[in-house]
Amino acid sequence: MNSWESKTTIIIPTYNERENIKPLVEDILSRHPGISIFVVDDNSPDGTRDVVTALKIKYPTIELLNRSAKDGLGNAYKAAYQIILQRPHIQKIITMDADGSHHPMYIKDIFEKAFTHDLVVGSRYVRHGGISNWNWRRKMLSKWGNVYVRALCLIGIKDLTAGFICISTDIAKKIDIGSIASAGYSYQIEFKYRCVKQHAKHIELPIMFSERKVGQSKMSGKIIKEGLITPIKIFGDRALMFVRSFLNY
């Protein structure tokens, strides 16, 4: 067991991931037995939390937060951070999807970069990164969505919607995660914007993102709409900061 494992928690939000969560957790812990896993389940009707409860008996480093209803990816993360950031021994927090799209083989590489960076992003849109098993429409939506976000937010991170990241708890405590307005996937955009705003030293690490093998994607029209609106709000925030800086000059 590596010493950094005991100082690291992986947050995995779940909703109807009964078939995916067990192989994912077992893969992670076979590679990193000392790492803790914090599953946040939004009252999945398929019995995901029952699977996690059974896993907890075998693996004492697993923790489960049961939420009363499906309330958005962003809100699931915020609930987890609120608890984990109270634990002084935790220095790094990794987040990843429950559906197998983020392979555990990248955890070690991501953490190696985390020794010298506040924010490490497992990125699909840097050299050697990519996506497998997506149709061309989904790829275009993601790729050009990130171009749209970068243009408005003026942030150098190429994969602003990435969910596979590692953040230092020092930075996480500074960005007031609980006040992030986004409840859905655009939470990822706002989270990274706040990290950059706090001058977090960041880097992108190439990963190959794979489409889920079991279950259904959570993508919806509501999520796409929020993803279009959030960058506009961030652009307004940056413009306001510029005006205030100019007036105080």
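What you see below is based on every heavy atom in this structure, not just the backbone, and it leaves out hydrogens, waters and symmetry mates. What you are looking at is a predicted structure, and each value in this text was computed from that prediction instead of being measured.
Here the side chains of F38 and L64 are not in contact, with every heavy-atom distance at 4.5 Å or above. Looking at I10 and M96, their side chains come closer than 4.5 Å, going by heavy atoms from C-beta outward. Within the 4.5 Å cutoff, no side-chain heavy atoms of I35 are placed close to those of F111. For the pair L65/I83, a side-chain contact is recorded, criterion being any heavy-atom separation below 4.5 Å from C-beta on. In this structure the side chain of T8 never reaches within 4.5 angstrom of the side chain of I93, judged on heavy atoms. Within the 4.5 Å cutoff, the side chain of V121 has no heavy atoms near those of the K158 side chain. The side-chain heavy atoms of I84 and I11, taken from C-beta on, include a pair separated by under 4.5 Å. By the 4.5 Å heavy-atom criterion applied to side chains, S123 and L205 are not counted as neighbours.
Using a cut-off of 4.0 Å between Lys/Arg side-chain N and Asp/Glu carboxylate O, R31 and D27 are scored as salt-bridged.
The closest side-chain donor-acceptor pair between T53 and D50, if any, does not fall under 3.5 angstrom. With 3.5 Å as the limit, one finds no donor-acceptor pair spanning the side chains of S210 and S101. In the model, E17 has no side-chain atom that pairs as donor or acceptor with a side-chain atom of T48 under 3.5 Å. In this structure, a donor-acceptor pair under 3.5 Å is present between the side chains of T161 and R124.
Counting heavy atoms of neighbouring residues, nucleotides and ligands inside a 6.0 Å radius, atom CD of E26 exceeds 12 of them. In K173, the NZ atom is crowded: over 12 heavy atoms of neighbouring residues, nucleotides or ligands sit closer than 6.0 Å. Annotation: K56, atom NZ; neighbour count of heavy atoms from other residues, nucleotides and ligands within 6.0 Å is above 12.
With hydrogens and angles disregarded, a donor-acceptor distance shorter than 3.5 Å links the side chain of K192 to the backbone of A162. Under a 3.5 Å cut-off, the side chain of E190 and the backbone N or O of I180 do not form any donor-acceptor pair. For the pair N20 (side chain) and A98 (backbone), a donor-acceptor distance under 3.5 Å is absent. No donor-acceptor pair under 3.5 Å is formed between the side chain of D42 and the backbone N or O of R67.
Figure legend: cation-pi geometry between K70 and Y15, with NZ or CZ positioned under 6.0 Å from the six-membered ring centre and within 45° of its axis.
Taking the six-membered ring where the residue is Trp, F209 and H102 present perpendicular rings, their angle passing 60° and hence far from 30°. A tilted orientation is assigned to the rings of Y187 and F191, their planes being inclined by 30° to 60°. Note on ring orientation: taking the six-membered ring where Trp is involved, the planes of Y106 and F164 are perpendicular (angle over 60°, cut-offs 30° and 60°).
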Please step through side chain to side chain contact (heavy atoms under 4.5 Å, CB included) for the pair H32 and I107, ending with a clear verdict.
CA-CA 9 Å; H32 307 289; I107 291 174; 3.8 Å; yes
For a side chain to side chain contact (heavy atoms under 4.5 Å, CB included) check, start with the C-alpha distance between E204 and V120, then their side-chain angles and the critical distance, and finish with the verdict.
CA-CA 6 Å; E204 291 183 83; V120 183; over 6 Å; no
Review point. Can L55 and K22 be said to form a side chain to side chain contact (heavy atoms under 4.5 Å, CB included), step by step?
Key: CA-CA 7 Å; L55 286 168; K22 186 175 187 290; 3.9 Å; yes
The test is side chain to side chain contact (heavy atoms under 4.5 Å, CB included); show your working for D159 and I207 and say whether it passes. CA-CA 11 Å; D159 198 345; I207 67 164; over 6 Å; no
Next item on the list: Report the C-alpha distance between S36 and R87 in whole Å, list the side-chain angles of each, state the deciding distance to 0.1 Å, and finish with yes or no for side chain to side chain donor-acceptor pair (under 3.5 Å).
Entry: CA-CA 12 Å; S36 59; R87 300 171 179 175; over 6 Å; no
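Residues S68 and N43 come closest through the heavy atom pair O-ND2, 3.1 Å.
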